[in-house]
Amino acid sequence: MADFMSNFWSWFIIVPTVVGIIALFWLNRWMTTPGKGPEEGAAKPTGHVWDGDLEELSNPLPRWWLNLFYLTLIFAIVYLVLYPGLGTFAGALGWTSTGQYDTEIKRARDRFDPLYEKYLRLRIEDLARDPEARRTGERLYITYCTGCHGADARGGKGYPNLRDRDWLFGGDPAQIKESIMKGRGRAGSMPTWEAVLGQEGLFNVTEYVLSLSGKRHDENAAVAGRVKFQQLCIACHGKDGRGNPQLGAPNLADNIWLYGGSQKDIMESIAKGRGNEMPAWGEFLGEAKSHLLASYIYGLSRPELREKRRP
């Protein structure tokens, strides 16, 4: 990276750019020198002839057209003086794409954040019952969350379903808001166990995990797998396999699977490990939007909150 950012590369951009602009000025000037136009005499033939008498002549471009080229070159010079474009030269205006982005974000926040502040004063549970808050929260969800969790919030392989009540890091309002604002790193990652267990151990533990959720399994293998499970897996998943929200360890006894619940999928998860990472949105969205978004997500798995309350 140090070699790429050296002065050589800056001059590698500056020199061809400046030389190119000068060369184009010279070319324009050469094309408009006296004697090139038909007013100085008949244009010279180029020697290209078609159909016997159709001859190509060396007429220059019209002067107005060439003047347009001069204007574009002058524009290029002014642009390169004002804005970055010549290597590491920052431009006279000091413009940067990052600065423009920050300015636009600040302008948007100054305009729209006050609209969300009113929601911050209400509890997440109460917002989940409010139709207006749900509509606004849904728009936030569509904008920022559908890329991973899907338009229907049912997730996909490796992306949690937000409509059920199975939560890796807890599903109460405060925990959902924390997941949105702070993200969830790789603390809940599943390590690889293939080298430790071997093929027979992998099969046995897989069969035991299948038995926890009442799936069809090999009973003898499950008995042997239980021993390994108690030795290696209870630190995260607990002795009964019901997980630990503090660690993001999933419940293995509820038949809800983030990466699939077939024998093949479970064995692959144990052998190769799994690693999810939820990005932190707090800095980008701010607390008010995160609060409202948490209320919408909280209500997705609780349809009773969305029912109209009787007077």
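- Side chains of W9 and N7: a donor-acceptor N/O pair is absent below 3.5 angstrom, by distance only.
- Here R163 does not pair with D152 in a salt bridge; the nearest charged N to carboxylate O distance is not below 4.0 Å.
- You'll find the side chain of Y119 reaches within 4.5 Å of the side chain of L292, heavy atoms only.
- The distance from the OG atom of S213 to the CG atom of N251 is 9.5 Å, given to the nearest 0.5 Å.
- A side-chain contact (heavy atoms from CB on, under 4.5 Å) with I297 is found for one member of I124, I176, L140 and no other, namely I176.
- Other cluster members for W50: L54, joined by side-chain heavy-atom distances under 4.5 Å among Ile, Leu, Val, Met, Phe, Trp and Tyr.
- With contacts defined as side-chain heavy-atom distances shorter than 4.5 Å, the pair H149/R154 does not qualify.
- Across all their heavy atoms, G275 and S189 have their closest contact at CA-OG, 3.8 Å.
- A salt bridge links R165 with E304: at least one charged nitrogen is closer than 4.0 Å to a carboxylate oxygen.
- Connection of M267 to V227 is not established within any shared hydrophobic cluster, with ILVMFWY side chains joined at heavy-atom distances below 4.5 Å, either directly or through further cluster members.
- Criterion: ILVMFWY side-chain heavy atoms under 4.5 Å apart, direct or through other members. Under it, L82 and I13 are not part of a common hydrophobic cluster.
- Salt bridge absent: R184 and E277 never bring a charged side-chain N and a carboxylate O closer than 4.0 Å.
- Taking CZ of F12 as the start and OG1 of T17 as the end, the distance is 10.0 Å to the nearest 0.5 Å.
- Minimum interatomic distance between S269 and M190 (heavy atoms only, all atoms of both residues): O-CG, 3.6 Å.
- Residue K106 qualifies as open at atom NZ: its count of foreign heavy atoms under 6.0 Å is 12 or below.
- Under a 4.0 Å N-O distance rule, the pair K177/E287 qualifies as a salt bridge.
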Quick one, L80 with I21, criterion side chain to side chain contact (heavy atoms under 4.5 Å, CB included). Give me CA distance, side-chain angles, the key distance, then yes/no. CA-CA 11 Å; L80 291 173; I21 292 175; 3.9 Å; yes

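- Across all their heavy atoms, K215 and H217 have their closest contact at O-ND1, 2.8 Å.
- Here the closest heavy-atom approach between residue T146 and residue I142 is recorded as OG1-O, 3.0 Å.
- With Q175 contributing its side chain and G171 its backbone, the two residues share a donor-acceptor pair below 3.5 Å.
- Using a 30° and 60° split on the angle between ring planes, Y296 and Y141 fall in the tilted class, from 30° to 60°.
- By the 4.0 Å N-to-carboxylate-O rule, R134 lies too far from D130 to be salt-bridged with it.
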Verdict with supporting geometry, N161 and D166, side chain to side chain contact (heavy atoms under 4.5 Å, CB included): CA-CA 8 Å; N161 181 353; D166 186 72; over 6 Å; no

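- Closest non-hydrogen pair, S301 versus Y298, comes out as OG-O, 3.4 Å.
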Show your working on side chain to side chain contact (heavy atoms under 4.5 Å, CB included) between F169 and L247 and close with a plain yes or no. CA-CA 7 Å; F169 290 91; L247 301 175; over 6 Å; no

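- Around the CD atom of E200, the shell of radius 6.0 Å holds no more than 12 heavy atoms that belong to other residues, nucleotides or ligands.
- More than 12 heavy atoms of other residues, nucleotides or ligands sit less than 6.0 Å from atom CD of Q230.
- Using a 30° and 60° split on the angle between ring planes, Y83 and W95 fall in the perpendicular class, above 60°.
- Proximity of a side-chain donor or acceptor of N276 to a complementary backbone N or O of Y159 within less than 3.5 Å is not detected.
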Exercise answer: donor-acceptor pairs, residues 232-241 side-chain atoms, under 3.5 Å, sequence neighbours excluded:
from	atom 1	to	atom 2	distance (Å)
H237	ND1	P250	O	3.0
D240	OD1	R242	N	3.3

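- Between L71 and L68, the closest side-chain pair of non-hydrogen atoms falls below 4.5 Å.
- Looking at L66 and F69, their side chains come closer than 4.5 Å, going by heavy atoms from C-beta outward.
- Just one residue in the list L258, L252, D254 forms a side-chain contact (heavy atoms from CB on, under 4.5 Å) with I256, and that residue is D254.
- A90 and P84 get closest at one heavy-atom pair: O-CD, 3.4 Å.
- A 4.5 Å side-chain heavy-atom check between S290 and L293 finds every atom pair outside the cut-off.
- Here I266 contributes atom CD1 and E207 contributes atom CD; the two are 9.0 Å apart, rounded to the nearest 0.5 Å.
- In this structure, F203 places its CZ atom where more than 12 heavy-atom neighbours from other residues, nucleotides or ligands lie under 6.0 Å away.
- Side chain of Y70 to backbone of R29: a donor-acceptor contact under 3.5 angstrom is found.
- Under the 4.0 Å criterion applied to side-chain N and carboxylate O atoms, E117 and K289 are not assigned as salt-bridge partners.
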D265 and K157: side chain to side chain contact (heavy atoms under 4.5 Å, CB included), yes or no, with the steps? CA-CA 11 Å; D265 290 330; K157 192 170 185 177; 3.5 Å; yes

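- V15 is connected to L73 through a chain of hydrophobic side-chain contacts under 4.5 Å among Ile, Leu, Val, Met, Phe, Trp and Tyr, so both are in one cluster.
- Counting heavy atoms from C-beta outward, Q199 and E194 have side chains that approach closer than 4.5 Å.
- One finds no salt bridge joining R107 and D110 here, because no Lys/Arg side-chain nitrogen approaches an Asp/Glu carboxylate oxygen to under 4.0 Å.
- Taken from CG in L300 to CD in E138, the straight-line distance is 8.5 Å, to the nearest 0.5 Å.
- Put simply, the side chain of W281 reaches to within 4.5 Å of the side chain of P279, judged on heavy atoms.
- Cluster membership for L120 and I180, using ILVMFWY side-chain heavy atoms within less than 4.5 angstrom, is not shared.
- Rounding to the nearest 0.5 Å places CZ of R123 at 9.5 Å from NE2 of H291.
- Atoms OG and CZ, on S10 and F89 in that order, are 10.5 Å from each other to the nearest 0.5 Å.
- The aromatic rings of F284 and Y144 lie perpendicular to each other, with more than 60° between the two planes, well past the 30° mark.
- Placement of M181 and L162 in two distinct hydrophobic clusters is found when ILVMFWY residues are connected by side-chain heavy-atom separations under 4.5 Å, directly or transitively.
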